[in-house]
Amino acid sequence: MTTFAGKVITFNKSLRFTGKLPPGIRVMNPFRENKNSLIVSSAFYKKYYSDNNRRHIILGINPGRFGAGLTGVPFTDPKRLVEKCGLLYPGPPAHEPSSVFIYNMIDAYGGAEKFYARFYINSICPLGFTIKNSLGKEVNYNFYDSKALTDAAHDFIICSIKKQIALGIDTDICFCLGSGKNEKVLLRLNETHGFFKKIVALEHPRFIMQYKSKYMQEYIDKYLTAFSMVE
């Protein structure tokens, strides 16, 4: 029987965006653009998911350039991959604020091994997008930042959520990272497709780190309380 890890690795290899993107938007697929991402992420999943246990899913927005965009592992930047997961990363030690929060929370939960034995993190849209700003610099662009992109990504998102549920996900509760637009999108999709019985939204790690960092422990406690619902 294929393990949870094997299913995730196959899913990652299969990711390809075929929709028509709005002008100026670029899709970011780390598994096809970065030769290290598939190797690194596969090592991660083999370490923590080489079993057939069912897990609950935590869905973010879409990958960022300095986290999953490099490692192929959602909310895990190169620094956390090395320091917290004990895995090698053959590149510069990039830093993503969201990853800092997630791994502080995972530490409080009891560590990566305990956390990943029960939860699987990905995104509503498992591939990211970028756009060039007024200075010509490439920056992250969320799938809901324009209606045109949301519409273009719709079919890909639906297909991706279905495939991730098929990995071995318990559908009684889904945790949504992002209590604003991301939650609204997921609730709307769930109303139509009935993916999950209940969706529990939590503030997005990026929001916490950027605007509420001095209250980090309170948000960690909120996450842990939410996750205790499925223990």
Side-chain angles (χ1 to χ4, degrees), residues 8-19 21-22 25-45 48-49 57-81 84-85 87 89 91-103 106 116 119-133 137-146 149-150 152-161 163-164 167 174-178 180-183 185-186 202 204-210:
V8 177
I9 293 166
T10 298
F11 171 72
N12 288 340
K13 288 179 178 178
S14 74
L15 285 172
R16 180 175 295 179
F17 187 86
T18 58
L21 290 170
I25 306 297
R26 184 183 76 83
V27 67
M28 180 176 60
N29 187 337
F31 306 108
R32 294 183 181 272
E33 299 169 6
N34 182 346
K35 65 180 181 180
N36 293 323
S37 293
L38 189 58
I39 296 172
V40 168
S41 61
S42 296
F44 171 87
Y45 290 110
Y48 294 111
Y49 293 83
I57 195 168
I58 301 168
L59 291 174
I61 304 168
N62 40 228
R65 290 174 303 138
F66 301 119
L70 293 176
T71 65
V73 181
F75 293 97
T76 303
D77 62 18
K79 284 186 179 180
R80 258 41 64 176
L81 188 81
K84 300 296 185 179
C85 301
L87 294 168
Y89 181 77
H95 171 92
E96 185 185 59
S98 292
S99 185
V100 176
F101 175 83
I102 286 294
Y103 277 88
I106 287 175
Y116 289 125
F119 298 97
Y120 166 77
I121 306 179
N122 211 302
S123 301
I124 291 177
C125 185
L127 293 180
F129 303 95
T130 64
I131 190 172
K132 288 187 177 180
N133 63 17
K137 180 182 178 182
E138 193 172 49
V139 296
N140 292 329
Y141 196 78
N142 293 325
F143 75 86
Y144 55 59
D145 283 342
S146 73
L149 180 56
T150 303
H154 179 270
D155 290 349
F156 174 72
I157 287 171
I158 297 300
C159 182
S160 297
I161 292 176
K163 286 183 177 179
Q164 290 184 91
L167 298 174
C174 167
F175 298 95
C176 175
L177 300 190
K181 292 181 180 179
N182 207 42
E183 179 189 12
V185 169
L186 187 55
L202 296 161
H204 195 277
R206 178 75 191 195
F207 167 80
I208 296 168
M209 294 300 291
Q210 188 167 353

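Rounded to the nearest 0.5 Å, atoms CD1 (Ile39) and CG (Leu87) are 13.0 Å apart. Rounding to the nearest 0.5 Å places CD1 of Ile208 at 8.0 Å from CG of Leu202. Between Met209 atom CE and Ser99 atom OG the span is 9.5 Å, to the nearest 0.5 Å. Here the straight-line distance linking atom NZ of Lys132 with atom CZ of Arg26 works out to 9.5 Å at 0.5 Å rounding. To the nearest 0.5 Å, the span separating CD1 on Ile9 from CG on Leu167 amounts to 11.0 Å. Between Ser123 atom OG and Asn142 atom CG the span is 9.5 Å, to the nearest 0.5 Å.
Electrostatic pairing of Arg65 and Glu138 does not count as a salt bridge here, judged by no charged N lying under 4.0 Å from a carboxylate O.
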Would Tyr120 and Val8 count as a side chain to side chain contact (heavy atoms under 4.5 Å, CB included) if you check the C-alpha gap in whole Å, the side-chain angles of each, and the deciding distance to 0.1 Å? CA-CA 10 Å; Tyr120 166 77; Val8 177; 3.8 Å; yes
Applying side chain to side chain contact (heavy atoms under 4.5 Å, CB included) to Ile124 and Asn62, what does each step give before you reach the verdict? CA-CA 6 Å; Ile124 291 177; Asn62 40 228; over 6 Å; no
I'd like to know whether Phe143 forms a side chain to side chain contact (heavy atoms under 4.5 Å, CB included) with Asn182, so could you lay out the CA-CA distance, the side-chain angles of the two residues, the decisive distance to 0.1 Å, and finally the verdict. CA-CA 9 Å; Phe143 75 86; Asn182 207 42; 3.6 Å; yes
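Separation of the His204 and Phe75 ring centroids falls under the 6.0 Å cut-off.
Looking at heavy atoms from C-beta onward, Pro126 lies in side-chain contact with Phe156 at the 4.5 angstrom threshold. Residues Arg206 and Leu177 form no side-chain contact, since every pair of their non-hydrogen atoms from C-beta on lies 4.5 Å or further apart. Using a 4.5 Å heavy-atom cutoff, the side chains of Leu59 and Cys176 are not in contact. Between Val139 and Ile131, the closest side-chain pair of non-hydrogen atoms falls below 4.5 Å.
Side chain of Asp77 to backbone of Lys79: a donor-acceptor contact under 3.5 angstrom is found. No donor-acceptor pair under 3.5 Å is formed between the side chain of Asn36 and the backbone N or O of Leu70. Under the 3.5 Å distance criterion, the side-chain polar atoms of Thr76 are matched with a main-chain donor or acceptor of Pro74. Using a distance-only test at 3.5 Å, with no hydrogens or angles considered, no donor-acceptor pair links the side chain of Thr130 to the main chain of Asn140. Ser160 places no side-chain N or O within donor-acceptor distance of the main-chain N or O of Cys125, the cut-off being under 3.5 Å. Remark: the backbone N or O of Leu15 is paired with a side-chain donor or acceptor of Arg32 at under 3.5 angstrom. At distances below 3.5 Å, not a single donor-acceptor pair connects side-chain atoms of Asn34 with backbone N or O atoms of Thr71. Here the side chain of Ser14 pairs a donor or acceptor atom with the backbone of Phe11 at under 3.5 angstrom. Arg80 places no side-chain N or O within 3.5 Å of a backbone atom of Ile102 that could act as its donor or acceptor partner.
Using a 30° and 60° split on the angle between ring planes, Tyr49 and Phe44 fall in the tilted class, from 30° to 60°. Using bins of under 30°, 30° to 60° and over 60° for the plane-to-plane angle, the ring pair Phe129/Phe17 lands in the perpendicular bin.
Considering all non-hydrogen atoms of both residues, Leu21 and Ile25 come closest at CD1-O, 3.6 Å. Cys174 and Leu186 get closest at one heavy-atom pair: SG-CD2, 4.0 Å. Annotation for Gly69 and Pro63: closest pair N-CB, 4.4 Å, computed over non-hydrogen atoms.
The environment of Arg16 atom CZ is sparse: at most 12 non-hydrogen atoms of other residues, nucleotides or ligands sit within 6.0 angstrom.
Here Tyr141 pairs with nothing under the ring-ring contact (aromatic ring centres under 6.0 Å, His included) rule; sequence neighbours left out.
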